[in-house]
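So that the names make sense, note that chain A is the first sequence line, chain B the second, and so on, each numbered from 1.
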Amino acid sequence: MAQGIRAYFGHITDVVTTFWEGLSVTLSYMLRRPITVQYPDRVEKRVADTLPPRYRGILEVDTAVCTGCMACERACPIGVIKISTDKDPGNPKQRVITQFDIDVGKCMFCGLCVEPCPTGAIAHTREFEATRKHVDSLVFRWVPDPAKPVPFYRPVKGQDAPRAPVGEILRRCLAAASWIERPSFLPEERKP
Amino acid sequence: MAIDMKIERQILRRTETSDEEIVVNFGPQHPSTHGVINFVTQTTGEIIRRSVPEVGYLHRGLEKIGEMVTYPGYMPFTDRIDYVAAMFANEGYALAVERLLGIEAPPRAQYLRAIAGELCRISSHFIAVGTMATDIGAATPLTHGLRERESVNDLIEELCGARLTFNYHRIGGVSFDAPAGWSDKVLRFLDHLDSYIQEWDRLISFNQIYVDRLANVGVITREQAVDYGLVGPNLRGSGVQWDIRRDLSYGAYPDFAFDIPVGTGRFGTVGDCWDRYYVRVQEMLESSKIIRQALAKLPEGEIMAKVARKPKPDAGEAVGRVESARGEMLYYVVSDGSEKAYRLRVRTGSFLAMGIIEELSRGIMVADLIAIIASLDIVAPEIDR
């Protein structure tokens, strides 16, 4: 009987001591610096600028250095990239890109398209905030007007392609687009 | 309205007092099922007669997708098989296809794979032990575990550019070399981790209430664990020293010295929920040991072997087995000589753990079922692929 009582109260003592031990750890966090960040409005720097350079954010294409080799289109396992090329009507020797669409709504940010690119024209930026009201607005058209196609870039031997700094073109693109923009191929929204 | 309430109360009283058996759908949206999975549970009051997991709720046809995309193109899909520890899913697939092609990753790539994998194991185990504590009723440890996981994610993000779906491995190597100064950051984290585990033990592991809830609950004996084909920490929790990293070694693992923690029955019986929990805590320290050795010995050289952009392996079959955070992960790839796999099969640890739940659930309390599910560390998408 006495042993039973001792075991009973010993157990309660164990519970209380280990409980306090755990609580003391929790309480010590009152005195430590918090590591949480108040995203999005109370951050010191734009979060996109604090990310590591390898971060795989929204894809960006610098069509000025695109060779039109379509390696990225072939590498994509889910067909996110759509490229069309044509002959330049004015100069039959020159080929041009008439369409370079990337559906970011479908993209899984795996980075397989970036690897085969010979000039670094297609690259992941550190941007990740591109909220749109319609998922179809997430199709980024890097050749905006098919009537104004972009000629293929011919790499010069021993020289790096003059690629614009990664992220600049996309930031300009994002700033220009409004988030409620409706894709042109959808019917007009009915007014209530 | 008043009358309705009266009937309700009568029904309630009848089910409370009688031995009537009711079938409860535990899940698929229950937070302690760790994903979308349904346990059809026959109960009498608080006592469970039988609980059967309904496997297949999250089936996404990932094995079929493997037959539809090229060999390198399937790599991002492997991330989605087990998103909590995607590095191992990558590695298993890369190993299988490398064997099919008859190539081997360069030594530096193998070391980087081991480092990235062990970092991923630490982050996955933090989720496992944190959610287990939450399921038992202690809410704080999960936030601590997630914080540590975030530090690991920061390191992996710097290495490969993603925090969850890494897609780091390539057939014949890895996609990126370690960036400058990265190994110092990893070592700093490991120093923090080694001391942090002690704090973690003080916070929850040896908490008497927590121990009482887990000790002698859901005991899986050595024989049962082997018979049901359990793998990984669930198997080692029952006292079986089996680890693919040591027993069927692959990659850089033969070069490292590390222990394999097993369940000892410290507070109850060997193979109870607490043993499986503590095996995971100890494995984090072992992972830390492996990463330190790998960083010290990291060889110079290439990170990619020579592989065609769209490899076409000769007709044949290959198996890649890795020790994932949830136990053995096996990839079986059959090639017919084209650039797409003829058949791809994945065998995962969570799926194997599903088999034993029906056996364990006979005659236990409802609250213990939650402890058992948590201690088996299941990730629902891994069960169904």
What part of [X] gets within 4.5 angstrom of chain B, counting heavy atoms only: side chain, backbone, both, or neither?
| X | result |
| --- | --- |
| Pro52(A) | side chain |
| Leu51(A) | side chain |
| Arg74(A) | both |
| Pro53(A) | neither |
| Phe109(A) | neither |

Any salt bridge linking [X] with [Y]? Criterion: basic side-chain nitrogen under 4.0 Å from a carboxylate oxygen.
| X | Y | answer |
| --- | --- | --- |
| Glu168(A) | Arg171(A) | no |
| Arg113(B) | Glu91(B) | no |
| Arg163(A) | Glu60(A) | yes |

What option among [options] has the most heavy-atom pairs under 4.5 Å with chain A?
| options | answer |
| --- | --- |
| Met68(B), Met75(B), Glu157(B), Glu158(B) | Glu157(B) |
| Ile65(B), Thr165(B), Asp177(B) | Asp177(B) |
| Asp79(B), Thr70(B), Leu159(B) | Leu159(B) |

Under 4.5 Å heavy-atom distance to chain A, tell me which part of [X] shows up: side chain, backbone, both or neither.
| X | value |
| --- | --- |
| Pro72(B) | backbone |
| Asp212(B) | side chain |
| Tyr210(B) | neither |
| Thr140(B) | side chain |
| Arg80(B) | side chain |

_Check the orientation of Trp274(B) and Tyr278(B). Use parallel for under 30°, tilted for 30 to 60°, and perpendicular for over 60°._
parallel

*Can you check salt bridge (charged side-chain N to carboxylate O under 4.0 Å, His left out) on Glu150(B) and Arg163(B), steps first, answer last?*
CA-CA 9 Å; Glu150(B) 286 301 304; Arg163(B) 301 175 76 86; 2.6 Å; yes

*Near-ring test Phe88(B)/Phe166(B), centroid separation under 6.0 angstrom*: no

*asked:* Atom OH of residue position Tyr342(B) - does it have more than 12 heavy atoms of other residues, nucleotides or ligands inside 6.0 Å?
replied: no

_Looking at Phe128(A), I'd like to know if its CZ atom is crowded, meaning that more than 12 non-hydrogen atoms belonging to other residues, nucleotides or ligands lie closer than 6.0 Å._
yes

*Is a side-chain donor-acceptor pair under 3.5 Å present for Arg108(B) with Tyr111(B)?*
no

*Hey, which of His124(A), Arg126(A), Arg32(A) has the most heavy atom pairs under 4.5 Å with chain B?*
Arg32(A)

